[in-house]
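Read the structure below first, then the notes.
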Number of protein chains: 2
Amino acid sequence: MARTIPTEPTFRQRQILEWVRRFIVAQGMPPTVREIGAAFSITPRAVFEILQALERKGHLMRGALGARSLVLTQPPRHACPHCAAVPVVGRIAAGGPIEAIEDREAELTVSHDLCRRGELFALRVKGDSMIEAGILDGDTVLVRKQATANNGEIVVALLENEATLKYLHREGRRVRLQPANARLKPIYVEPTKLSIQGVVIGVHRQLDRKAARMNS
Amino acid sequence: MARTIPTEPTFRQRQILEWVRRFIVAQGMPPTVREIGAAFSITPRAVFEILQALERKGHLMRGALGARSLVLTQPPRHACPHCAAVPVVGRIAAGGPIEAIEDREAELTVSHDLCRRGELFALRVKGDSMIEAGILDGDTVLVRKQATANNGEIVVALLENEATLKYLHREGRRVRLQPANARLKPIYVEPTKLSIQGVVIGVHRQLDRKAARMNS
DNA sequence: TAAAATACTCAACGATTGTTGAGTTTCAAG
DNA sequence: CTTGAAACTCAACAATCGTTGAGTATTTTA
């Protein structure tokens, strides 16, 4: 019987194939065409063609099941711990992107289902700019590393070597970075001058007696 | 404290839960509500309600990822040295009238150093009464079980079989339970009518795309 | 040099998906 | 007897999904 012999994928195809593999391990389910597209900043059409090519070469099979139906020929091993350590990166002032400053000053333990949401890191919040979103000075935000984000999401944005936490709003050609604090004004930037490091998917706070004293 | 029995799924719920588990193993991805419905010859609506019930009881989590996003809460296996499971024992109203502590519905994974602080449990917050303390509707608060507390600490207080989340302030012979919301008035009670269940030592929040949509 | 494959953009179609409202039935507990 | 939950039906909405056509630029192959 004429079995499909896996052919060598191109660089781009392998890039996406490996990303899909990691996604399945992390999320417990295959990604959609648009999720892949968002990760690589390309359109669904481009992803579709690359997936077609990968299927033709025998690296995966595309769905008989409709949405999200994608099966890898070489399935990823499911390492299944119940928790994972997420690096807490402190200040992101002077470097480039966060990858460069992998000085993990601490580790945050998160439950397994949160890890499934992708590559995570954590940031300690300084200042009150997101106070109306319930993010206080000293909180730790859980961030999923990604270069794009949807409107209304809280993003870690890199602007001229400075990282900020803001709501993201695209408005025509410019981007509004909106603080959640009535005393602060929004920042307007060109999309080219903005680098999104990740999207906030969680907030952790640890209260202690010092915090209590300030309220008494 | 009125520790109640963990909520068992009904026969039908367990039936579907096991089917979903088998589906994931077989297909490599979670099923859609309609696929479940087809397998049991019921409508999407019926499936939806059963999945809701299973999520309420902590057996699975319905996704922030849109289609086919179902993550099972697996039974606890190997003890992890870096984390521990804290029971989420129910909802607490941070708003007006209150609801007593209910059944355990899920588990929260916290790092081990937090567990050393005593016996912990977690509560899901309902309402906006602690909004100015950065505790929002839907947050999960980590609570250390204890019967006393210091001034200024946020406590889980039981008043006539009703639990609330408030700042604790002793004022002479009476106790002031202070909400963190300018629109709400403090509650004054005699110490004898008040039962402190624990002290809030942490806040956890999980953001998803739905939350983002509301801000865009 | 011509042809094919690769890697994309943009705009759009129809199908599938999660979700909701309104109403029914069954069955056990107060 | 009443109440409430669990488990359903039916119809429908909006968002998301896979997919497609038409077109461009670049690289690889024959």
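Here is the naming used below: chain letters follow the sequence lines, and residue numbers restart at 1 for every chain. Worth knowing before you read on, the calculation uses all heavy atoms, side chains too, and leaves out hydrogens, waters and symmetry mates. Since the model is a prediction, treat every value here as computed from it, not as a measurement.
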### Query
Using the C1' atoms of five pairs at each end, what's the angle between the two axes of the helix from C:dT1-D:dA30 to C:dG30-D:dC1, to 10 degrees?
30°

### Message
My understanding is that only residues two or more places apart in sequence, or in another chain, count here; which of them pass ring-ring contact (aromatic ring centres under 6.0 Å, His included) with B:Phe48?
### Response
none

### Residues that B:Glu49 engages under side chain to side chain donor-acceptor pair (under 3.5 Å), provided they are two or more places apart
B:Arg45

### Query
Considering only heavy atoms and no angle criterion, is a donor-acceptor pair shorter than 3.5 Å present between the side chain of A:Arg62 and the base of D:dG18?
no

### Pairing residues for A:Arg14 by the salt bridge (charged side-chain N to carboxylate O under 4.0 Å, His left out) criterion, not counting sequence neighbours
A:Glu8

### Query
Do you know the tightest heavy-atom contact between B:Pro31 and B:Ile24?
CD-CG1, 4.4 Å

### Message
Parallel, tilted or perpendicular: which one describes the rings of B:Phe40 and B:Trp19, with boundaries at 30° and 60°?
### Response
perpendicular

### Results of salt bridge (charged side-chain N to carboxylate O under 4.0 Å, His left out) for A:Arg12 - residues two or more places apart only
none

### Task
Rounded to the nearest angstrom, tell me the gap between atom CG in A:Leu70 and atom P in D:dC17.
13 Å

### Task
Give one of base, sugar-phosphate or nothing for B:Arg68, where a contact means two heavy atoms less than 4.0 Å apart.
sugar-phosphate

### Task
Could you tell me whether the side chain of A:Met130 reaches within less than 4.5 Å of the side chain of A:Ile154, counting heavy atoms only?
yes

#### Entry: Between C:dT16 (P) and B:Met29 (CE): distance, integer Å
16 Å

### Query
How many Å lie between CG on A:Asn150 and C1' on D:dA15, as a whole number?
12 Å

N/O-N/O pairs, protein side and nucleotides 5-10 of chain D side, under 3.5 Å:
unit_1: D:dA7; atom_1: OP1; unit_2: B:Thr10; atom_2: OG1; d: 2.5
unit_1: D:dA7; atom_1: OP2; unit_2: B:Gln13; atom_2: NE2; d: 3.1
unit_1: D:dA7; atom_1: N7; unit_2: B:Glu49; atom_2: OE1; d: 3.3
unit_1: D:dC8; atom_1: OP1; unit_2: B:Arg12; atom_2: NE; d: 3.4
unit_1: D:dC8; atom_1: OP1; unit_2: B:Arg12; atom_2: NH2; d: 3.1
unit_1: D:dC8; atom_1: OP2; unit_2: B:Arg12; atom_2: NE; d: 2.8
unit_1: D:dC8; atom_1: N4; unit_2: B:Glu49; atom_2: OE1; d: 3.4
unit_1: D:dC8; atom_1: N4; unit_2: B:Glu49; atom_2: OE2; d: 3.2
unit_1: D:dT9; atom_1: OP2; unit_2: B:Thr43; atom_2: N; d: 2.6
unit_1: D:dT9; atom_1: OP2; unit_2: B:Thr43; atom_2: OG1; d: 2.7

### Non-neighbouring partners of A:Arg174 that pass salt bridge (charged side-chain N to carboxylate O under 4.0 Å, His left out), sequence neighbours left out
A:Glu171

Below 3.5 Å is the cut-off: list the nitrogen or oxygen pairs between protein and nucleotides 24-30 of chain C, distance only.
none

### Task
Starting from C1' on C:dC8, measure out to CD1 on A:Ile36 and report it in whole angstrom.
15 Å

### Pairs flagged by side-chain hydrogen bond (donor to acceptor under 3.5 Å, both in side chains) wherever residues 178-190 of chain A is involved - sequence neighbours left out
A:Arg176-A:Gln178

### Message
Between P on C:dT6 and NE2 on A:His59, what's the gap in Å once rounded to a whole number?
### Response
12 Å

#### Entry: Integer-rounded Å distance: C:dA12 C1' and A:Phe48 CZ
14 Å

### Message
Counting C-beta onward and ignoring hydrogens, is there a side-chain heavy-atom pair between A:Val156 and A:Leu165 closer than 4.5 Å?
### Response
yes

### Message
Run the salt bridge (charged side-chain N to carboxylate O under 4.0 Å, His left out) test against B:Glu132 and tell me which residues pass, sequence neighbours left out.
### Response
none

### Query
So which pairs with a foot in residues 193-205 of chain A pass salt bridge (Lys or Arg N to Asp or Glu O under 4.0 Å), sequence neighbours left out?
A:Asp139-A:Arg205

## Note on the structure
The contact string for nucleotides 25-30 of chain D, one letter per nucleotide 5' to 3', using protein heavy atoms under 4.0 Å with B, S and - for base, sugar-phosphate only and none, comes out as ------

### Short side-chain donor-acceptor distance under 3.5 Å, A:Thr148 and A:Gln146
no

